[in-house]
Amino acid sequence: MGYQSRRRNYLTRRERNARAWRTARIIVIFTAIGLTIFGFMHRVSLYNWLKTFFY
């Protein structure tokens with residue numbers, strides 16, 4: 001049996017950062033999509049709420 005390292009799944013700092021940024025980017029994208037859908041569903045009440053500040 002050949003040599004096996006205990007750290008077979010070692011990731012470099014660059015790989016860890018790339019994975020973390022990718023995960024963060026996916027979370028931000030889906031949150032933005034969710035907020036857009038929520039805003040569209042409640043657009044009348046949001047419009048009325050905004051009118052309280054500008055009229």
Side-chain angles (χ1 to χ4, degrees):
M1 187 166 152
Y3 171 78
Q4 280 190 331
S5 171
R6 291 180 184 266
R7 300 183 72 180
R8 276 180 288 181
N9 297 325
Y10 175 76
L11 297 174
T12 63
R13 179 180 290 173
R14 180 179 297 206
E15 291 168 335
R16 279 183 286 146
N17 286 340
R19 184 179 291 179
W21 280 112
R22 181 177 184 272
T23 303
R25 200 168 54 235
I26 289 171
I27 290 171
V28 166
I29 288 170
F30 278 101
T31 302
I33 291 170
L35 287 174
T36 303
I37 292 170
F38 180 80
F40 184 75
M41 289 171 51
H42 296 20
R43 63 188 178 274
V44 173
S45 60
L46 288 173
Y47 178 70
N48 290 334
W49 177 72
L50 285 173
K51 280 172 63 172
T52 62
F53 294 107
F54 297 111
Y55 285 135

Exercise. By side chain to side chain contact (heavy atoms under 4.5 Å, CB included), which residues pair with T12, not counting sequence neighbours?
Worked result: Y10, R14, E15
Seminar exercise, completed: Note: with side-chain heavy atoms under 4.5 Å as the link, the other cluster members for F54 come out as W49, L50, F53
Seminar exercise, completed: Excluding V44, membership of its hydrophobic cluster (Ile, Leu, Val, Met, Phe, Trp, Tyr; side-chain heavy atoms within less than 4.5 Å) reads none
Report, one line per pair, each donor and acceptor closer than 3.5 Å where one atom sits in a side chain of residues 17-33; sequence neighbours left out.
residue	atom	partner	partner atom	Å
N17	ND2	R13	O	3.4
T23	OG1	R19	O	2.9
T31	OG1	I27	O	2.7

